[in-house]
Amino acid sequence: QVQLVESGGGLVQAGGSLRLSCAASGRTFSSHPMGWFRQAPGKEREFVAAISWTGGITYYADSVKGRFTISRDNAKNTAHLQMNMLRPEDTAVYYCAAGGTPARTVRDGKIDYWGQGTQVTVSS
């Protein structure tokens, strides 16, 4: 069992940066690929980024490639999403997720555990 708690969301101007964190509880955190998804009002939840359990493989949605960076620290049971050059269209609730191996299954939406979400609002 893995429990996920996100933090770091907030209000930022376009062009700014935010760093989201996901704190995980449970002994098996390091064995799970992790991911971030987001859901904007009136839209379906969409994939943002994923990382393998070793951190050696990452995937990104085309819309965030070059602006967002996913990382993890297995010693601290945490995952992060560094978001730079934010745009108003990045406004959404961001969810941390954990899935089974390989990491591409997280990218494809096969998720075992979800966090409760954190709001990110980007003003123009």
Side-chain angles (χ1 to χ4, degrees):
Q1 188 79 7
V2 175
Q3 294 183 328
L4 306 172
V5 178
E6 302 94 334
S7 62
L11 173 65
V12 64
Q13 288 188 331
S17 299
L18 281 176
R19 186 176 189 236
L20 304 184
S21 296
C22 176
S25 62
R27 298 179 181 177
T28 61
F29 169 79
S30 62
S31 66
H32 286 276
M34 301 294 296
W36 289 91
F37 289 73
R38 67 186 182 187
Q39 187 167 18
K43 295 187 177 181
E44 293 188 352
R45 192 173 299 189
E46 64 176 3
F47 167 74
V48 176
I51 189 168
S52 64
W53 69 272
T54 64
I57 298 173
T58 56
Y59 298 97
Y60 295 94
D62 288 343
S63 59
V64 307
K65 205 170 291 184
R67 301 187 297 123
F68 291 11
T69 303
I70 189 171
S71 62
R72 68 188 297 161
D73 185 337
N74 288 340
K76 296 182 178 179
N77 277 14
T78 57
H80 302 282
L81 185 69
Q82 177 67 42
M83 305 186 295
N84 299 327
M85 297 181 287
L86 283 161
R87 305 167 180 166
E89 53 264 40
D90 294 319
T91 295
V93 177
Y94 283 71
Y95 296 90
C96 179
T101 55
R104 63 177 179 270
T105 63
V106 172
R107 178 198 64 188
D108 296 340
K110 296 180 181 178
I111 304 301
D112 295 330
Y113 306 101
W114 290 100
Q116 84 289 349
T118 186
Q119 177 70 47
V120 171
T121 303
V122 184
S123 63
S124 57

Trainee: Distance from Q39 atom CD to E46 atom CD, nearest 0.5 Å?
Mentor: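 CD of E46 is found 9.5 Å from CD of Q39.
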Trainee: Can you confirm whether L11 is buried at CG, in the sense that more than 12 heavy atoms of other residues, nucleotides or ligands lie under 6.0 Å from that atom?
Mentor: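 Yes, because the 6.0 Å sphere around CG of L11 holds more than 12 heavy atoms from other groups.
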Trainee: Of all the heavy-atom pairs spanning M85 and G66, show the shortest one and how long it is.
Mentor: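 Closest approach of M85 to G66: CE-O, 3.6 Å.
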Trainee: Is there a side-chain contact between R38 and V64 (heavy atoms, below 4.5 Å)?
Mentor: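 With C-beta onward as the side chain, the pair touches.
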Trainee: Does one hydrophobic cluster hold both Y94 and V122, with members joined at side-chain heavy-atom distances below 4.5 Å?
Mentor: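 Per the 4.5 Å side-chain linkage, Y94 and V122 are co-clustered.
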Trainee: Just verifying a value: how many Å separate I57 CD1 and S52 OG, rounded to the nearest 0.5 Å?
Mentor: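 I57 CD1 to S52 OG: 5.0 Å, rounded to 0.5 Å.
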Trainee: Can you tell me how far apart CD (Q3) and SG (C96) are? Round to the nearest 0.5 Å.
Mentor: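 Result: 12.5 Å between the selected atoms.
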Trainee: Nearest 0.5 Å, what's the SG-OH distance between C22 and Y95?
Mentor: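 Rounded to the nearest 0.5 Å, the SG-OH separation comes to 13.5 Å.
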Trainee: Check this for me, if you would: do K65 and D62 make a salt bridge, where the nitrogen-to-carboxylate-oxygen distance has to be below 4.0 angstrom?
Mentor: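 A salt bridge is present here (some side-chain N lies under 4.0 Å from a carboxylate O).
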Trainee: List the steps, then state whether side-chain contact (heavy atoms from CB on, under 4.5 Å) holds for Q116 with E6.
Mentor: CA-CA 7 Å; Q116 84 289 349; E6 302 94 334; 2.7 Å; yes
Trainee: Is there a continuous path of hydrophobic side-chain contacts, each under 4.5 Å between heavy atoms, that joins W53 to W36?
Mentor: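 No, W53 does not connect to W36 through the hydrophobic network.
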Trainee: Measure the spacing between OH of Y59 and CD1 of I70 and express it to the nearest 0.5 Å.
Mentor: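 Between atom OH of Y59 and atom CD1 of I70 there are 12.0 Å.
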Trainee: Atom CG in N84, atom CZ in R19: separation rounded to 0.5 Å?
Mentor: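 The CG atom of N84 sits 11.0 Å away from the CZ atom of R19.
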Trainee: Do the rings of W114 and F37 sit parallel, tilted or perpendicular, given the 30° and 60° boundaries?
Mentor: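 Plane angle over 60°, so perpendicular.
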